[in-house]
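Start at 1 and go down the list; that is how both ligands and their atoms are numbered. One-based numbering along the sequence shown. Quantities reported herein were computed from a predicted structural model and do not represent experimental measurements. Values below: every heavy atom of this structure, side chains too, minus hydrogens, waters and symmetry copies.
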Amino acid sequence: MRAVQIVEESGPESALELVQVPEPGPSDTLVGGEGVVIDVHAAGVSFPELLQSRGQYQLRPPLPFIPGSEVSGVVRSAPAGAQVKAGERVAGFCGLGGFAETAVAPEFFTFALSPQLDFAQGAGLVLNYHTAYFALAMRGRLKQDETVLVHGAAGGVGTAVLQVARGLGAHTIAVVSDTRKAEVAKEAGAEQVVLLKEGWKDEVKQLSGGGVDVVLDPVGGERFTDSLRALRENGRLVVVGFTGGSIPEVRVNRLLLNNTEVVGAGWGAYVMSKPELNREVGAAVGRMVDEGVVRPIVGQSFPLERAGEALRAIEERRATGKVVLEVRPD
Ligand SMILES: NC(=O)c1ccc[n+]([C@@H]2O[C@H](COP(=O)([O-])OP(=O)(O)OC[C@H]3O[C@@H](n4cnc5c(N)ncnc54)[C@H](OP(=O)(O)O)[C@@H]3O)[C@@H](O)[C@H]2O)c1
């Protein structure tokens, strides 16, 4: 089969190579046991693959390896008792191996793909939307009618969070770095959009009538302290990632003085050993797809052999929505 491998950890320009390799077998899953073999139509591209191309991600397999944590496509085979069957359109989280014509995902990480979504949208469904639901509902304890501030709101996680927040009945304020991204955040359903510039925190406080209930932060870096200041009493700041490059530190007296919390949300590590929880999150996201609230926004798509360009778009902060590789174009 055709696949893209990371052959050296030298960054998106030179780390990736298009290769011919044997197809994986059903047992080639990250977690062991028989998985679902998927003929891949589209593969999702995310921040971790960019980090992997430089050897900077926590999951660092021996070289060469096929990156790609999530795919959509058609089931070739599934273990007995699986939720999906051969011939069915699915979205699956495989962890690794997605940048290839065939990939294997654990059964509990494979979900039927609604006819309302195409394969490119399916390739953006599991990682970002499951993270969004986990971070907002389970870690951030978001309630109906509360207000959420979403950083990096035009990105993959950000657009997903905007839609899932709406699905949970909450109000949203998107923070983005430019006007093009503001349009993407609006397309994803943001009720209010604030540009990241001097005074953004005051604008958020004014729009929210004194502060937000939840901040969802995939960016980190310097904005962190102002994010804490943007919370109202009982507010929760949910830490999701650090695309801004630096890991912020918090002076905990701020939490005491304002009665706020900082909460971590690491989806993959938490759900990996909890098949039932995955099904619960999958069902919740599936309901939001049926209601028309969840519609993954595909920003750019590239053919498989141009995976390096896809990683560069993310690296250079140009990406919006989900970046996707077309593996078997429709
Ligand atoms: N915790 C979890 O379970 C979990 C799950 C999935 C992903 N993540 C993490 O969440 C983060 C976001 O992922 P994503 O797929 O949404 O990424 P993305 O689509 O590239 O979006 C990231 C956003 O970060 C902002 N940003 C600020 N500084 C940046 C910089 N120096 N370079 C690039 N972007 C920068 C950009 O928004 P502005 O330009 O508007 O500021 C960009 O839109 C990543 O760190 C990823 O690893 C965590």
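Annotation: atom 38 (P) of ligand 1 to nearest protein heavy atom, Ser177 OG, 3.3 Å. When hydrogens are left out, the protein atom nearest atom 9 (C) of ligand 1 is Val240 O, 3.7 Å; that is the closest non-hydrogen contact. Protein heavy atom closest to atom 18 (P) of ligand 1, with residue, atom name and distance, is Gly156 N, 4.0 Å. For atom 13 (O) of ligand 1, the closest heavy atom belonging to the protein is Val157 CG2, 3.7 Å. Here the heavy atom of the protein found nearest to atom 21 (O) of ligand 1 is Gly155 CA, 3.6 Å. Ranking protein heavy atoms by distance to atom 42 (C) of ligand 1, first place goes to Lys181 NZ, 4.2 Å. Among protein heavy atoms, the minimum distance from atom 17 (O) of ligand 1 is reached at Phe47 CD1, 3.8 Å. The protein heavy-atom contact nearest to atom 3 (O) of ligand 1 is Trp267 N, 2.7 Å.
Asn258 is not listed as a side-chain neighbour of Leu228, based on a closest heavy-atom distance of 4.5 Å or more. Residues Gln144 and Leu168 are not in side-chain contact: their nearest non-hydrogen atoms beyond the backbone lie 4.5 Å or more apart.
A donor-acceptor contact closer than 3.5 angstrom is absent between the side chains of Tyr57 and Glu49.
The closest approach between Glu49 and ligand 1 stays at or above 4.0 Å for every heavy atom of the residue.
Comment: Glu146 engages Arg236 in a salt bridge, judged by a side-chain N to carboxylate O separation of less than 4.0 angstrom. Looking at Lys274 and Glu280, no side-chain N of the basic residue comes within less than 4.0 Å of a carboxylate O on the acidic one, giving no salt bridge. Using a 4.0 Å cut-off between charged side-chain N and carboxylate O, Arg141 and Glu261 make a salt bridge.
No more than 12 heavy atoms of other residues, nucleotides or ligands shown are found within 6.0 angstrom of CZ on Arg166. Other residues, nucleotides and ligands contribute only 12 or fewer heavy atoms inside 6.0 Å of the CD atom of Glu249.
Evaluated by nearest non-hydrogen atom to atom 31 (N) of ligand 1, the leading choice among Thr159, Thr243, Val176, Val271 is Thr243. The residue among Thr131, Asp178, Asn128, Leu196 with a heavy atom at the shortest distance from atom 5 (C) of ligand 1 is Thr131.
Put simply, the residue from Val240, Asn128, Val126 that forms a side-chain contact (heavy atoms from CB on, under 4.5 Å) with Trp267 is Val126.
Under 4.0 angstrom from ligand 1, the non-hydrogen atoms of Arg223 all belong to its side chain.
Taking distance alone, with nitrogen or oxygen atoms compared against 3.5 Å, Ala265 approaches ligand 1 more closely than that limit. In terms of N/O distances under 3.5 Å, ligand 1 is not approached by Ser46.
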